[in-house]
Amino acid sequence: PEVMQLVQVEHLKRWLESYQERQRDLDATYERLERLESKLTSPRSAALTGVPGTAAPDPDRLALPLAELEELRQDAARQSAELRDLRHRIEEAVRLINGPGWANQRAALRMRYIDGETFETIARLLFWRDPDFLLKQESYIRRTFKLRKAALRALAQNPHICEFIHEEGK
């Protein structure tokens, strides 16, 4: 049972991590889109060959880049919708966590897997009000790591978690 649970936790962790990976992919698509738009809107220099009777530039030279631009826009819209759907499913899955310490466990998972925060940042955001936080930051970082681990185990044990992860394949 322990080995099976570790496999489930690892599978769950990969599913949660896929959100940040998809976010990076969407960011790259938007960067490509911006570069292509910039190329299409930048002024072009005239082709000065100095040779009379040189053929005029192809009037359809923009057709291919414009089609590529439209494809990229559609791809970005599709990726954005898929990312939004995944984020909603992750949020729903995180809400399955209950029991002692559920609020901090949920917060730790959201900050780590949706917001992409480091354990140091999560510890600071969760525990900065504790009077000894500045003196024991390393201890609070370990506590944050344990919170995330407990939250992952709680989710892996929840029978409804499969409904969220398996929707990915649809």
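Any value given below was found using the heavy atoms of this structure, including those in side chains, with hydrogens, waters and symmetry copies removed.
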Which pair of non-hydrogen atoms, one from [X] and one from [Y], has the smallest distance, and what is that distance?
| X | Y | value |
| --- | --- | --- |
| Pro100 | Gln105 | O-NE2, 3.8 Å |
| Ala108 | Ile122 | O-CD1, 3.9 Å |
| Ala156 | Ile161 | O-CG2, 4.3 Å |

To the nearest 0.5 Å, what is the distance between [atom1] on [X] and [atom2] on [Y]?
| X | Y | atom1 | atom2 | result |
| --- | --- | --- | --- | --- |
| Ile165 | Gln8 | CD1 | CD | 8.5 Å |
| Leu96 | Glu163 | CG | CD | 8.0 Å |
| Arg35 | Leu72 | CZ | CG | 9.5 Å |
| Ile97 | Leu155 | CD1 | CG | 4.0 Å |
| Leu12 | Trp15 | CG | CH2 | 7.0 Å |
| Glu21 | Leu26 | CD | CG | 12.5 Å |

Query - salt bridge (charged side-chain N to carboxylate O under 4.0 Å, His left out) contacts touching residues 67-80 (sequence neighbours left out) - result: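 Qualifying pairs: Arg32-Glu68, Glu37-Arg73, Asp75-Arg78, Arg78-Glu82.
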Donor-acceptor list for residues 140-147 side chains, cut-off 3.5 Å, not counting sequence neighbours:
{"residue": "Tyr140", "atom": "OH", "partner": "Asp130", "partner atom": "OD2", "Å": "3.1"}
{"residue": "Tyr140", "atom": "OH", "partner": "Asp132", "partner atom": "OD1", "Å": "2.5"}
{"residue": "Thr144", "atom": "OG1", "partner": "Tyr140", "partner atom": "O", "Å": "2.8"}

Under 4.0 Å between a Lys/Arg side-chain N and an Asp/Glu carboxylate O for Lys13 and Glu10?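 Yes, Lys13 and Glu10 are salt-bridged.
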Check your understanding: Any side-chain heavy atom of Ser139 within less than 4.5 Å of one from Phe133?
Key ->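 A side-chain contact under 4.5 Å is absent here.
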Exercise for review: Starting from Leu135, walk the hydrophobic network (Ile, Leu, Val, Met, Phe, Trp, Tyr; side-chain heavy atoms closer than 4.5 Å) and list everyone else you reach, by chain and number.
Suggested key: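 ILVMFWY cluster around Leu135 holds nothing else.
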Say whether Val94 and Leu86 are linked into one hydrophobic cluster, either directly or through other cluster members, by side-chain heavy-atom distances under 4.5 angstrom.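 Linked within one cluster.
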Check: Leu125 and Phe127: same hydrophobic cluster, using ILVMFWY side-chain contacts below 4.5 Å?
Finding: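 Same hydrophobic cluster.
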Solution key, residues 109-119 side-chain donor-acceptor pairs under 3.5 Å, sequence neighbours excluded:
{"residue": "Arg110", "atom": "NE", "partner": "Glu91", "partner atom": "OE1", "Å": "2.8"}
{"residue": "Arg110", "atom": "NH2", "partner": "Glu91", "partner atom": "OE1", "Å": "3.4"}
{"residue": "Arg112", "atom": "NH1", "partner": "Glu117", "partner atom": "O", "Å": "3.1"}
{"residue": "Tyr113", "atom": "OH", "partner": "Arg148", "partner atom": "NH1", "Å": "3.0"}
{"residue": "Thr118", "atom": "OG1", "partner": "Glu120", "partner atom": "OE1", "Å": "3.4"}
{"residue": "Thr118", "atom": "OG1", "partner": "Thr121", "partner atom": "N", "Å": "3.1"}
{"residue": "Thr118", "atom": "OG1", "partner": "Thr121", "partner atom": "OG1", "Å": "3.0"}

Set of side chain to side chain contact (heavy atoms under 4.5 Å, CB included) partners for Gln20, sequence neighbours left out: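 Only Arg24 meet the side chain to side chain contact (heavy atoms under 4.5 Å, CB included) criterion with Gln20.
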Results of side-chain hydrogen bond (donor to acceptor under 3.5 Å, both in side chains) for Asn98 - residues two or more places apart only
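Asn98 satisfies side-chain hydrogen bond (donor to acceptor under 3.5 Å, both in side chains) with no other residue.
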